[in-house]
Amino acid sequence: MTDHPSLWQGKSVLITGGAGGMGLAFAERFHAAGASLALADIDQARLAQAVKTFAPDCLTIPSDVTRVEDCSRMVSETLARFGR
């Protein structure tokens with residue numbers, strides 16, 4: 001991935017575990033490259049902190065990837081917010 005803004009401009013990225021660790025690092029890179037972010041994580045407090053960093057182009061989705069219904073909701077909410 002490159003940080004060239006036009007490459008990811010107008011695109012959205014859904015990142016599980018997006019409130020910390022590698023997920024947050026990926027979020028930082030994609031955001032710098034111009035992408036809108038949907039961050040999913042089980043830790044709601046860390047999600048609340050992450051959204052402050054990436055607002056306004058950031059959707060946070062409290063969720064647990066071990067639950068099928070949460071995974072479906074992640075995709076649905078991302079599509080509803082960003083249309084892609």
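Everything quoted here is computed from the prediction, not taken from an experiment. Nothing fancy with the numbering, it's 1 onward along the sequence.
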hydrophobic_cluster_shared for [Y] and [X], side chain cutoff 4.5 Å:
X   : Y   : value
M22 : L47 : yes
F30 : F54 : yes
W8  : L39 : yes
F26 : V75 : no

Could you tell me which residues satisfy ring pair (Phe, Tyr, Trp, His ring centres under 6.0 Å) with F82, sequence neighbours excluded, listed by chain and number? none

Spacing of T16 atom OG1 and D70 atom CG [to the nearest 0.5 Å]: 12.0 Å

What is the distance from atom CD of Q9 to atom OG of S36, rounded to the nearest 0.5 Å? 7.5 Å

Is there any salt bridge (Lys or Arg N to Asp or Glu O under 4.0 Å) pair reaching into residues 41-60, and which pairs are they, with sequence neighbours excluded? none

Can you name the nearest heavy-atom pair linking [X] to [Y], along with the distance?
X   : Y   : value
K11 : R84 : CA-NE, 3.6 Å
L24 : A50 : CD1-CB, 4.3 Å
M74 : L14 : CB-CD2, 4.1 Å
P62 : R73 : O-NH2, 2.7 Å

Quick one: does T78's side chain get under 4.5 Å of I61's, heavy atoms only? yes

Which residues pass the salt bridge (charged side-chain N to carboxylate O under 4.0 Å, His left out) test with R81, not counting sequence neighbours? none

